[in-house]
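Report on one structure; see the data block that follows.
Chain A is the first sequence line, chain B the second, and so forth, proteins listed ahead of strands; every chain is numbered from 1. Note that the structure is predicted; figures quoted are calculated from it, not measured.
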Number of protein chains: 2
Amino acid sequence: MPVERVRRRIPEATVARLPIYLRILGERASEEVECISSEGLAELAGVNAAKVRKDLSYLGSYGTRGVGYEVAFLVYQIRRELGLTHDWPVVIVGAGNLGQALAGYNGFGERGFPVAGIVDIEPAKVGSVIGGVRVRHIDDLPQIVQSRRVSIGVVATPPTSAQDAAERLVRAGVTSILNFAPVVLAVPRGISVRKVDLAVELQILSYYEQRRVGVGLQAVGSNDSTRGASA
Amino acid sequence: MPVERVRRRIPEATVARLPIYLRILGERASEEVECISSEGLAELAGVNAAKVRKDLSYLGSYGTRGVGYEVAFLVYQIRRELGLTHDWPVVIVGAGNLGQALAGYNGFGERGFPVAGIVDIEPAKVGSVIGGVRVRHIDDLPQIVQSRRVSIGVVATPPTSAQDAAERLVRAGVTSILNFAPVVLAVPRGISVRKVDLAVELQILSYYEQRRVGVGLQAVGSNDSTRGASA
DNA sequence: CGCGCTTTGTGAACGTGTGCACAACTGCAT
DNA sequence: ATGCAGTTGTGCACACGTTCACAAAGCGCG
Ligand SMILES: NC(=O)c1ccc[n+]([C@@H]2O[C@H](COP(=O)([O-])OP(=O)(O)OC[C@H]3O[C@@H](n4cnc5c(N)ncnc54)[C@H](O)[C@@H]3O)[C@@H](O)[C@H]2O)c1
Ligand SMILES: NC(=O)c1ccc[n+]([C@@H]2O[C@H](COP(=O)([O-])OP(=O)(O)OC[C@H]3O[C@@H](n4cnc5c(N)ncnc54)[C@H](O)[C@@H]3O)[C@@H](O)[C@H]2O)c1
C-alpha cells in the first residue's frame, strides 16, 4: 500500500460544494449512470462547469478527457476527501422542539452521522425515547462522548444556555460543533464551529425581497455553503 | 421629508453579517448600553473591527469618531436596510417532523416572520393545530399567499417533493424560498432561494475533523453566512 | 494510423472580500 | 485655543473565489 501523501489544502468554497456533488452523484449512481461530464454535473448542481472541474481537480486528475468522470470512482474519492469513509457519531445537546426533530430524523444516520446520544439538563426530559435513542442527563455527556468516540456535537438548547452547552461539549472532548442557537459561540482554538441560523437566513431573504422594487433583479449571489468552521 | 435616494448595493458578505450585528445590538439595547465601538461590536460578533466599520459604512456614516455608534440608531438603520421595518409572513410547506418544529417555534414571529400558514399534501395531516396555526391542504396555498400577502415560503417536504413544493410556492406568488430539503431547486429567474442543509454542514465538519491529525489546526475559515440568494 | 469530436485540466484575467494602516474628525481637559 | 486620546471611515494591498478560454488528451471511426 502506498504511503498516504500529505493532502493539499482544499479551498473552503470547494469543501462546501463537494457534499452537493456527492449527493447528486449518489443519485446518479443508483440509476446506473456510469459516467458524467463536468457540464452535466454542473447543471444538476446549479453551478458553472469550470467550477466543477476546478473543484474536482483538487482531488486529483480523476476525469477522462473526451468522456467525463466515472461516477462510482468519483463518489469514492469525494467521500475519502471529506472523511466519510467511516461514521461520525454525533451527540445532541437539548431535547426540545428542535433536538427531538433532529434525533427523529433518519437522514443523519443514513449519511454517516448516527445519533450516539441526546442529552438535556431538565430531569423531566430524561428517559423519554426519541428516534430509538433515550434522552440522558447532561452529566452523562463525557461518558457518551468517550465511550462512543464522538467528535461532533450539536447544540440545540435555548440561546442563553448555548455557551454552557458548547463548553460542556468541549470539556467532554468534542472538537466540532454544529450550533443551532442564535448566538456567537466562544470556543478554544482548534475547535470547529458551524452555525445554522434560520432567522439570519430569513433576514437575508428579506433584504433581497425588499430591494425587489419593480425591476426583477437577477443573480443576487451564489447558492453555496461557504461558511467556515472557525477555530 | 427628503427623497429616498437609490440605495447603493451592499456586498453579499455584509448582508449576511448585518443580522448578527442586529441581534447583538438588540441585546445591548435592552441593557441600556447607549454607545458601542466597532471594536466592541467586533468582539461580540467574533469578527475583525475593520470589517465591522466597513460593513456599517455601507449603511451610511452613522458613527461618531472618538465615540462609537449609537446603539438604538444603528438598530434602526440596520433594520431599515434589511427591510425589517414591517413583518414578513411566511408559509411552510410540509407539516412533518421539521415543519412542525418550525411552526411551533416562537423565534420566527418574534423576529418579524410570523407563520401565516402551514400546508401539507397529506389529508391526514390537515386540520391539526401546531403553534396556534391550523394545518391546511396544499391546494389552499394560493389563497393563503394572496390573502396574507406572503412573499417567503419554506420548503420542509421530503426531497422528492421539494421541487413540486417550490413550484407550487412560485405559482402561488411567493418570490423567496428557504429550502430545507437536500436538493438543488430549479426556480425561475428573479426568485431568491436559500438552502439549509444539515448533512452538508456535518460533512464540512467531517472534512476538517479528518484533517485534524496531530497538529491543532488554526482558523479554518470564517464563520459568516455568506450564501447567496440565487435567482 | 490519422483525424475530428469531445471533454478535461489549468493559466490567466477578473471580481469579491478582508484587514492593515492612517488621515480625518470628535470630544474633553486644561 | 490648543493639544491629546479615542474612534471612525476608507484607500490600498493582498488573498480568495469565479469564469473564460484553450491546449492537451482520450476516443471512435474510417
Ligand atoms: N424549534 C425550531 O424550529 C428552531 C428553529 C430555529 C432555531 N431554533 C433554535 O434552536 C434552539 C432550540 O430550540 P427549541 O425550539 O428546541 O427549544 P426548546 O426550548 O424546545 O428546547 C430546548 C431544550 O434545551 C434544554 N436545555 C436548556 N438548557 C440546557 C443546558 N444548559 N444543557 C442541556 N440542555 C439544556 C431544555 O431543557 C429544552 O429541553 C434554540 O436556540 C432556538 O433558538 C429552533
Ligand atoms: N427532521 C429533521 O430534523 C430534518 C433535518 C434535516 C433536514 N430535513 C429535511 O427536511 C425535510 C422534511 O423533513 P421531515 O423530517 O419533516 O420529513 P417528514 O416526512 O416528517 O415530513 C414531510 C411532510 O411533507 C409532506 N409532503 C410530502 N410531499 C408533499 C408535497 N408535495 N406538498 C406538500 N407536502 C408534502 C408529507 O405529507 C409530510 O407531512 C426533508 O427534506 C428532510 O430531508 C429534516
[X] [atom1] to [N] [atom2]: how many Å, rounded?
X: A:Leu56; N: C:dT7; atom1: CG; atom2: C1'; result: 13 Å
X: A:Arg53; N: D:dA21; atom1: CZ; atom2: P; result: 12 Å
X: B:Lys51; N: D:dC12; atom1: NZ; atom2: P; result: 22 Å
X: A:Glu70; N: D:dC27; atom1: CD; atom2: P; result: 12 Å
X: A:Leu59; N: C:dG9; atom1: CG; atom2: P; result: 10 Å
X: A:Tyr69; N: D:dG26; atom1: OH; atom2: P; result: 14 Å
X: A:Glu39; N: D:dA21; atom1: CD; atom2: P; result: 14 Å
X: A:Arg9; N: D:dA15; atom1: CZ; atom2: P; result: 12 Å

Is any side-chain nitrogen or oxygen of [X] closer than 4.0 Å to OP1 or OP2 of [N]?
X: B:Ser38; N: D:dT8; answer: yes
X: A:Tyr58; N: C:dT10; answer: no
X: A:Tyr62; N: C:dT7; answer: no
X: B:Arg17; N: C:dT18; answer: yes

Fill in: Given DNA chain C, 5'-ward residue of the pair A:Arg65 and A:Lys54, judged by closest heavy atom
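First, find each residue's nearest nucleotide; the 5'-ward one identifies A:Arg65.
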Worksheet item: Any sub-3.5 Å donor-acceptor pair from A:Ser206's side-chain atoms to B:Leu82's backbone N or O?
Response: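 Checked: pair present.
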Worksheet item: Does the gap between the ring centers of A:Tyr62 and A:Tyr69 come in under 6.0 Å?
Response: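 Ring centres of A:Tyr69 and A:Tyr62 not closer than 6.0 Å.
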When you measure from the side chain of [X], which nucleotide among [options] comes out closest?
X: B:Ser57; options: D:dT7, D:dT19, D:dG9; answer: D:dG9
X: B:Ser37; options: D:dG26, D:dG17, D:dT7; answer: D:dT7
X: A:Thr64; options: C:dT26, C:dT18, D:dG26; answer: D:dG26

Worksheet entry | Partner of B:Tyr207 under side-chain hydrogen bond (donor to acceptor under 3.5 Å, both in side chains), chosen from B:Gln203, B:Glu209, B:Gln210, B:Arg211 |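 With B:Tyr207 as partner, B:Gln203, B:Glu209, B:Gln210, B:Arg211 yield a single side-chain hydrogen bond (donor to acceptor under 3.5 Å, both in side chains), made by B:Arg211.
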Discussion item. As a test of understanding, state which of A:Glu43, A:Lys54, A:Arg53 forms a side-chain hydrogen bond (donor to acceptor under 3.5 Å, both in side chains) with A:Ser38.
Written reply: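 That would be A:Arg53.
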Discussion item. Can you tell me how the ring of A:Phe108 sits relative to the ring of A:Tyr105, calling it parallel under 30°, perpendicular over 60° and tilted otherwise?
Written reply: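 Because their plane-to-plane angle is over 60°, the rings of A:Phe108 and A:Tyr105 count as perpendicular.
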